[in-house]
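Accompanying notes for the structure given below.
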Amino acid sequence: MKRLLGTVGLFICVLALTATPLAALTPTYTVTGAYKSSQYHKNLTTVTKTGDKALDTVAAALSQLGYNEGNSTAQLGGTNKTGNKNFTEYNRFIGTIGGSYSYAWCAAFVSWCLDVAEAGSAAGGRFTSCTLWVEKLQKLGLYSTRASGYVPKTGDLVFFRSAGTARASDHVGLVRFVQDGRVFTVEGNASNKVGLHDYALKDTYIVGYGRPQYETLPLAGSPVAWEDTAGGLYVISYDFVNVREKAAATGTKLGTLAHGTLVEVKKAENGWGEITYKDKQAYISLDYADFITPVFYRVNYLANGGENTPPTTSYLSVTAATVTPLVPTLAGHVFSHWQDETGKAFLPGDTLPQKSLTLTAVFTPAPEPPQEDGGAADTPAEDEGAPPPLPDTAPPDAAPLPDTEGTTDTARAAAEAGTISGVLAAAAGLWWAMRKFHLI
């Protein structure tokens with residue numbers, strides 16, 4: 001892995017969200033034809049909004065990695081690698097200055113990223129001057145100097161001042177995260193292009209930070225923790241990366257991905273990312289790619305004729321998500337499990353894979369209820385070894401009980417006394433016989 005894990009200010013996590021349209025990052029103005037047909041516009045509209053404006057602003061910037069300024073309005077697509085005249089789509093978004101789009105564009109780039117993430121007013125407006133932006137943020141109470149010891153957060157504006165410059169600032173970028181005493185940034189107009197950089201927090205080139213009033217989500221996790229460890233959208237940050245058939249440098253090379261290419265990593269493990277390449281499972285080394293943003297996956301539940309269908313839900317790739325505990329009902333049936341398109345079974349509470357799914361309910365017929373006692377089904381058949389029925393009368397050799405019905409109380413008492421006397425006499429006779437024959 002190219003970075004050790006650390007802590008950072010912005011904490012992001014989404015467990016599960018009721019399904020809503022998943023909107024992509026999109027410019028709020030009509031883009032030029034040159035930009036619309038470029039890889040950078042395609043990259044931007046590949047990124048799905050998370051709703052956390054700080055994260056979305058940085059994601060917009062990272063989607064433009066490698067964009068190079070042009071030499072005329074015909075070169076606003078960012079593909080002229082030798083362009084050096086400051087013509088960019090980001091300046092066109094701001095408008096002309098002195099009748100031209102050819103002016104330093106670092107502030108215009110950050111303004112463009114904020115606008116695309118629907119956070120255009122969060123940092124005081126659009127700017128082309130870093131000095132004026134610092135002054136505005138100071139008035140709003142949203143600025144901290146480097147010397148104050150402020151630790152920047154994801155989405156902060158980082159302002160720089162070159163040695164010998166009298167102005168408050170002459171360059172600006174966006175903070176990605178802080179780790180091991182360094183701040184990692186994405187900047188426009190650094191060596192004529194959009195690129196990644198990092199500095200010691202005590203670097204005197206840094207003069208301060210602006211913290212836009214972002215709308216954020218009460219989430220957990222962080223971009224630095226996700227780097228190289230979480231599934232999501234990554235950008236190739238080196239000249240190219242090899243695509244291999246297995247997660248090892250010895251794996252067969254299947255092809256390459258160029259600098260600035262966005263790729264969805266379905267699983268990150270041991271510094272390798274699992275991707276889909278030409279419709280096949282493949283791997284890239286994450287040493288050559290940088291995390292941009294989580295990816296939304298959607299789970300659609302089908303009741304399969306039943307009622308009480310659970311709602312479709314969406315979840316982020318950085319989150320452990322599970323199958324809904326809600327189950328549908330179907331008359332005369334019992335819910336068994338959910339089943340995906342491949343036939344794999346899922347039970348409520350099972351961990352979901354990192355992909356969008358359609359889960360269909362599977363039911364089994366309900367068992368027949370047992371019949372009540374006394375029914376014909378409860379009478380054992382004669383050939384099943386059932387015991388014979390009990391006789392309705394006493395056996396013929398049984399001694400009849402004395403009939404006392406209709407006698408007086410005196411006669412009934414006498415009869416009972418006679419019975420007792422007979423029993424005592426029999427017992428006495430038995431005792432005498434046993435004594436005689438020396439049995440006792």
Side-chain angles (χ1 to χ4, degrees), residues 13-22 48 50-51 217-221 230-232 264 266-269 274 276 279-281 294-401 405:
C13 162
V14 173
L15 294 181
L17 306 174
T18 300
T20 56
L22 303 180
T48 302
T50 66
L217 299 175
L219 311 172
E264 181 181 333
K266 299 182 180 300
K267 183 172 65 175
E269 189 173 20
E274 179 187 319
T276 298
D279 298 325
K280 294 182 180 180
Q281 181 174 300
V295 175
F296 273 104
Y297 296 117
R298 175 166 284 178
V299 184
N300 184 34
Y301 296 94
L302 300 181
N304 196 18
E307 298 180 350
N308 304 320
T309 305
T312 297
T313 58
S314 298
Y315 66 98
L316 289 175
S317 56
V318 295
T319 313
T322 57
V323 177
T324 178
L326 304 176
V327 297
T329 57
L330 182 62
H333 293 76
V334 176
F335 174 80
S336 174
H337 60 273
W338 296 103
Q339 183 172 287
D340 69 7
E341 299 92 328
T342 68
K344 183 177 179 180
F346 292 88
L347 295 174
D350 280 355
T351 300
L352 287 165
Q354 296 288 290
K355 62 180 181 179
S356 293
L357 290 171
T358 295
L359 299 180
T360 303
V362 176
F363 298 93
T364 59
E368 291 290 335
Q371 296 189 19
E372 297 182 1
D373 292 342
D378 294 330
T379 303
E382 292 182 358
D383 59 354
E384 293 181 353
L390 294 176
D392 293 333
T393 58
D397 56 349
L401 295 176
E405 185 177 358

Legend entry - Counterpart residues, side chain to side chain donor-acceptor pair (under 3.5 Å), relative to Y297 (two or more places apart):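 Y297 satisfies side chain to side chain donor-acceptor pair (under 3.5 Å) with E264 only.
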
Looking at every heavy atom in both [X] and [Y], which two are closest together, and how far apart are they?
{"X": "R298", "Y": "S314", "value": "NE-OG, 3.5 Å"}
{"X": "A361", "Y": "F335", "value": "CB-CE1, 3.9 Å"}
{"X": "Y315", "Y": "V299", "value": "CE2-CG2, 3.7 Å"}
{"X": "G232", "Y": "S317", "value": "CA-OG, 3.5 Å"}
{"X": "Y301", "Y": "P311", "value": "CD1-O, 3.5 Å"}
{"X": "T276", "Y": "K266", "value": "OG1-CE, 3.1 Å"}

Legend entry - CA sep, side-chain torsions, deciding dist, call: N308, T329, side chain to side chain donor-acceptor pair (under 3.5 Å): CA-CA 6 Å; N308 304 320; T329 57; 3.2 Å; yes

So, taking the atom named [atom1] in [X] and the one named [atom2] in [Y], what distance separates them when rounded to the nearest 0.5 Å?
{"X": "F296", "Y": "T48", "atom1": "CZ", "atom2": "OG1", "result": "7.5 Å"}
{"X": "L357", "Y": "T312", "atom1": "CG", "atom2": "OG1", "result": "11.5 Å"}
{"X": "L359", "Y": "N304", "atom1": "CG", "atom2": "CG", "result": "12.0 Å"}

Inset, instruction - Return the set of residues passing salt bridge (Lys or Arg N to Asp or Glu O under 4.0 Å) with E274 (not counting sequence neighbours), or none when no residue passes. - result: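 By the salt bridge (Lys or Arg N to Asp or Glu O under 4.0 Å) rule, E274 matches no residue at all.
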
Result block: side-chain N/O donor-acceptor pairs under 3.5 angstrom for residues 338-353, not counting sequence neighbours:
unit_1	atom_1	unit_2	atom_2	d
D340	OD1	T342	N	2.9
D340	OD1	T342	OG1	2.8
D340	OD1	G343	N	3.0
D340	OD1	K344	N	2.8
D340	OD2	T342	OG1	3.3
E341	OE2	T358	N	3.3
D350	OD2	L347	N	2.8

Inset, instruction - Output yes when a side-chain donor or acceptor of T324 lies under 3.5 Å from a complementary backbone atom of L326, and no otherwise. - result: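 Yes; judged by distance alone, with no hydrogens or angles, the pair exists.
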
